[in-house]
Amino acid sequence: MKLIVSDIWKSYNGNAVLKDCSFSFDSNNTYALMGPNGSGKSTFLRICSLLEEPDKGEINYFSGENILKKDIGLRRRITLVLPKVGMFNTTVLKNVAYGLKVRGMGRKEIEERASNALEFVGLTHKRDQNALTLSSGEAQRLGIARAIVIEPEIIFLDEPTASIDMKNTKIIEDIIIKMKEQKGTIIILTTHDIAQAERLAEKILLMNEGKIISIPPF
Ligand SMILES: Nc1ncnc2c1ncn2[C@@H]1O[C@H](COP(=O)(O)OP(=O)(O)OP(=O)(O)O)[C@@H](O)[C@H]1O
Ligand SMILES: [Mg+2]
C-alpha cells in the first residue's frame with residue numbers, strides 16, 4: 001500500500017493551515033512528522049486518515065498501480081490512534097473486541113484476536129478492568145491494541161507518547177517498532193521529540209509553513 005497526498009489545502013476560519021502540501025508515503029517505512037504547536041500536524045493526520053476533507057487537493061491510496069476507492073474497505077485498512085478518544089465504559093477486552101464485533105465476526109475469533117492484540121501491547125493482565133480507569137500510558141497502549149486488532153496496513157499515531165513517563169514511552173516505542181517489524185505496518189506518527197523521531201523513523205518530516213519537507217531532503 002502507498003499513500004500519495006497531492007496539493008492539499010486546508011483553512012479554518014480563513015487561516016490556511018495546510019498550503020499546497022504534498023507527500024508520498026511508501027510501504028515499509030516509519031515516518032515521524034515534527035513541527036511547532038499549531039503547524040498542522042494533527043490536521044494533516046486527520047485528513048490522511050479520511051476523517052476530514054481537505055478544501056482542495058487529493059488523498060489517494062494505492063495498491064500497486066490501482067487507486068483504492070474511499071469506501072468502508074479502505075477505512076479498515078488505515079486507522080488513526082488518538083489518545084483516550086472513543087473509549088467505551090466497559091472492560092479493556094470489550095473495548096478491543098468492539099471493532100471486530102461490528103464487522104460481524106464470530107465470538108471465538110473475536111476473543112482470540114482481541115486477546116492477541118492485548119498481549120501485543122502488554123495489557124493482558126488488564127483485560128477485565130474498566131477502560132476508563134486505565135492510566136494514560138495504559139490507555140495509549142489500549143488505543144494501539146484497538147487499532148491493530150483490525151490489522152490495518154497504515155497506522156497514524158498522533159503524539160503517541162505525549163504526557164507519558166519514560167518507562168511507558170519505551171514500552172510504546174517498542175510496540176511501534178514491533179508493529180513495523182512483525183506486521184509490516186506503515187507507521188506515520190507525530191512527535192515533538194527529535195530523539196524519538198530518530199529512534200523510530202527512517203524518514204523525519206517537518207511541517208513547515210503548511211508544507212511537508214523531508215529532513216534531510218531526499
Ligand atoms: N476544527 C478546527 N477548527 C478551527 N481551527 C482548527 C481546527 N482544527 C485545527 N485548527 C487550527 O489549525 C491549526 C493547526 O492545528 P493542529 O492541531 O493541526 O496543529 P499541530 O501541529 O497538531 O499542533 P500540536 O503540536 O500542538 O499538536 C491550529 O491553529 C488550530 O487551532
Ligand atoms: Mg497535534
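Just so you know, ligand 1 is whichever comes first in the structure, and atom 1 is the first atom listed for that ligand. Sequence positions, counted from 1, serve as the residue numbers for this chain.
Ranking the protein heavy atoms by distance from atom 11 (C) of ligand 1 puts Tyr12 CD1, 3.8 Å first. Of the protein's non-hydrogen atoms, Glu159 OE2, 3.3 Å is the one closest to atom 27 (O) of ligand 1. Among protein heavy atoms, atom 16 (P) of ligand 1 sits closest to Thr43 OG1, 3.6 Å. Looking only at heavy atoms of the protein, atom 17 (O) of ligand 1 is closest to Ser42 CB, 3.6 Å. The nearest heavy-atom contact from the protein to atom 25 (O) of ligand 1 is Lys41 NZ, 2.7 Å.
For atom 22 (O) of ligand 1, a protein heavy-atom neighbour is found at a distance under 4.0 Å. For atom 9 (C) of ligand 1, the protein comes within 4.0 Å by at least one heavy atom.
For ligand 1, none of its N or O atoms has an N or O atom of Gly35 under 3.5 Å away. Backbone and side-chain nitrogen or oxygen atoms of Gly38 are examined, and one is located within less than 3.5 angstrom of a nitrogen or oxygen of ligand 1.
Residue contacts with ligand 1 for Met207 are absent, since no atom lies close enough (heavy atoms, distance under 4.0 Å). Proximity of Asn37 to ligand 1, defined as any heavy-atom pair under 4.0 Å, is shared by backbone and side chain alike. The proximity of Arg46 to ligand 1, defined as any non-hydrogen pair under 4.0 Å, is limited to the side chain.
Using modelled atom types, one finds a donor on one side chain and an acceptor on the other under 3.5 Å when comparing Asp158 with Thr190.
Checked by atom type and distance alone, the side chain of Arg127 never pairs as donor or acceptor with a backbone atom of Ala114 at under 3.5 Å. No donor-acceptor pair closer than 3.5 Å links the side chain of Arg113 to the backbone N or O of Leu100. Although no hydrogens or angles enter the test, the distance criterion places no donor-acceptor pair under 3.5 Å between the side chain of Tyr31 and the main chain of Ile186. Judged by distance alone, with hydrogens and angles left aside, the side-chain atoms of Asp71 form a donor-acceptor pair with the main-chain N or O of Leu74 at under 3.5 Å.
Close approach of ligand 1 to His192 is summarised as follows: ligand atoms under 4.0 Å from at least one heavy atom of the residue are 25 (O). Applying the 4.0 Å criterion to heavy atoms of Val17 picks out, from ligand 1, the atoms 12 (O), 13 (C), 14 (C).
A cation-pi contact links Lys183 to Phe120, judged by a cut-off of 6.0 Å to the six-membered ring centre and 45° from its axis.
Within the coordination shell of the Mg ion (ligand 2), defined by N, O or S atoms under 2.8 Å, Thr43 is absent.
In this structure, Glu198 and Ile204 have side chains that are in contact, with non-hydrogen atoms separated by less than 4.5 Å. Looking only at side-chain heavy atoms (C-beta outward), Arg77 and Leu68 come within less than 4.5 Å of each other.
A salt bridge does not link Lys70 with Glu58: every distance from a Lys NZ or Arg NE/NH1/NH2 to an Asp or Glu carboxylate oxygen is 4.0 Å or more.
Here ring pair (Phe, Tyr, Trp, His ring centres under 6.0 Å) pairs that include residues 63-91, with residues two or more places apart or in two chains, are Phe88-Tyr98.
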